[in-house]
Amino acid sequence: MAKTHELFWSFFKIGTFTIGGGYAMIPLMEKELVDRREWLTKEEFLDILAVSQALPGIFAVNMAASIGFRLRKVRGAVASIVGNILVPVLIILGFATCFRFLKDNPVFEAIFKGIRPAVVALIAAPVFNMAKTAKVSWRNVWIPVVAAGLIYLVGVSPIWIIIATIIGGFFYGRLKNRKEADA
C-alpha cells in the first residue's frame, strides 16, 4: 500500500520530468504507478484515465487527485496534487518572470522548437498503450479513426462524438445481449 510521502515523491518526479502537459505525463505515470510501484493495475489506470479526462479541470491534477484518493483518501489526493504541480508551477513562475527578456532569444526559441517533436511522441505513445489495454483491434479500429477524422478534418465537436459513441454502445450492447439470449 502506498504511503502519503511515497505518493508525493512519485508525483513530484512525474511533474518534474514531464514536458508538454498532462497527456505527456501518461507514460511516466503508468511506468511509475503501474509498472514500478504496482499500486494500480493497467485496467485501473485506464479507468482513472478515462474518468480524469471527463472531469472538468486540469487533466494532470485530476489524475493525481484520483490516484491519490484511491490509494490514501484525502491525504493521498493532496500529496499527489502538490507533488505533481510543485515543480511545473515554479517553472511557469520563472518563465513568466523572464519571458519578456527571452522571447526573442534564438537559443530559447531553438530549445522550444527542439522539444516539440518529443512532446508529440510522449503524447502518441500512451495512445497506442491505451488502445492495447482497451482491446482496440483491427475489427474496431475504425471507430477511433473515424472519430479523430471527424474532429480534426471536419471540425465536429468532441461532445457529439462522445454522445454518438454512448448511443452506439448502448444499442450494440442491447443487440449483443439479444443475440446471446437467442442462442
Side-chain angles (χ1 to χ4, degrees), residues 2 10-11 13-71 77 80-81 84-85 88 112-183:
S10 289
F11 278 97
K13 183 171 45 173
I14 291 164
T16 301
F17 294 105
T18 301
I19 298 171
Y23 290 100
M25 289 182 172
I26 295 170
L28 291 174
M29 283 185 183
E30 185 175 11
K31 186 174 187 82
E32 175 72 11
L33 306 171
V34 175
D35 300 336
R36 184 169 171 267
R37 299 279 190 162
E38 297 180 352
W39 288 337
L40 302 167
T41 66
K42 284 191 182 278
E43 290 76 20
E44 290 171 325
F45 183 79
L46 187 61
D47 289 343
I48 291 171
L49 178 66
V51 170
S52 296
Q53 288 175 322
L55 292 172
I58 301 167
F59 170 71
V61 173
N62 292 344
M63 285 288 292
S66 297
I67 292 168
F69 188 81
R70 180 179 186 95
L71 298 174
S80 298
I81 291 168
N84 200 18
I85 67 170
F112 274 93
K113 285 181 182 172
I115 288 173
R116 286 180 192 154
V119 171
V120 170
L122 285 171
I123 293 171
V127 169
F128 295 110
N129 288 335
M130 286 186 298
K132 268 193 256 177
T133 305
K135 296 179 177 60
V136 174
S137 68
W138 292 109
R139 288 185 16 212
N140 60 6
V141 73
W142 65 272
I143 298 170
V145 170
V146 168
L150 288 171
I151 293 167
Y152 182 73
L153 299 173
V154 182
V156 174
S157 170
I159 293 168
W160 292 114
I161 302 296
I162 292 167
I163 291 169
T165 56
I166 289 170
I167 292 168
F170 173 77
F171 285 115
Y172 174 77
R174 288 192 63 172
L175 180 67
K176 187 176 177 182
N177 289 340
R178 190 174 296 155
K179 283 183 179 180
E180 289 174 1
D182 291 341

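All values reported here derive from a predicted model rather than from experimental measurement.
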Separation between CZ of Arg70 and OG of Ser80, rounded to the nearest 0.5 Å: 13.0 Å

Gap between atom OG of Ser157 and atom CG of Leu150 - 0.5 Å precision: 11.5 Å

Minimum heavy-atom distance between Ile161 and Ala147, given as atom pair plus value: CG2-CB, 3.6 Å

Hey, are the side chains of Phe45 and Asp35 touching, using non-hydrogen atoms and a 4.5 Å cut-off? no

Find the distance between OG (Ser66) and CG (Leu71) and round it off to the nearest 0.5 Å. 10.5 Å

Going through the checks in order, is the side chain to side chain contact (heavy atoms under 4.5 Å, CB included) test met by Glu30 and Leu49? CA-CA 10 Å; Glu30 185 175 11; Leu49 178 66; over 6 Å; no

If you draw a 6.0 Å radius around CG in Leu153, do more than 12 non-hydrogen atoms from other residues or ligands fall strictly inside? yes

Please report the closest heavy-atom contact between Pro27 and Ala24, naming both atoms and the distance. CD-O, 3.4 Å

If you measure from NZ on Lys132 to CG on Leu46, what distance do you get to the nearest 0.5 Å? 13.0 Å

Could you give me the CA-CA distance, side-chain angles and deciding distance for Glu44 and Leu33, then say whether side chain to side chain contact (heavy atoms under 4.5 Å, CB included) is met? CA-CA 11 Å; Glu44 290 171 325; Leu33 306 171; over 6 Å; no

A side-chain contact here means heavy atoms from C-beta on lying under 4.5 Å apart; do Ile67 and Phe11 qualify? yes

Result for side chain to side chain contact (heavy atoms under 4.5 Å, CB included) between Lys179 and one of Asn177, Leu175, Asp182 points to Leu175

Could you go step by step and tell me if Val51 and Ile48 meet the side chain to side chain contact (heavy atoms under 4.5 Å, CB included) rule? CA-CA 5 Å; Val51 170; Ile48 291 171; 5.9 Å; no

What's the spacing between Thr16 OG1 and Asn84 CG if we round to 0.5 Å? 9.0 Å

Just to verify, what does Phe17 make a ring-ring contact (aromatic ring centres under 6.0 Å, His included) with, not counting sequence neighbours? none

If you look at every heavy atom in Ala65 and Ala77, which pair is closest and at what distance? O-CB, 3.7 Å

Quick check on Ile58: does its CD1 atom have over 12 non-hydrogen neighbours (other residues, nucleotides or ligands) under 6.0 Å away? no

Just by modelled atom types, is the Ser137 backbone N or O under 3.5 Å from a matching donor or acceptor in the Asn140 side chain? yes

Could you state the interatomic distance from CE (Met25) to CD (Glu32), rounded to the nearest 0.5 Å? 13.0 Å

Report the C-alpha distance between Phe59 and Ile26 in whole Å, list the side-chain angles of each, state the deciding distance to 0.1 Å, and finish with yes or no for side chain to side chain contact (heavy atoms under 4.5 Å, CB included). CA-CA 10 Å; Phe59 170 71; Ile26 295 170; 3.9 Å; yes

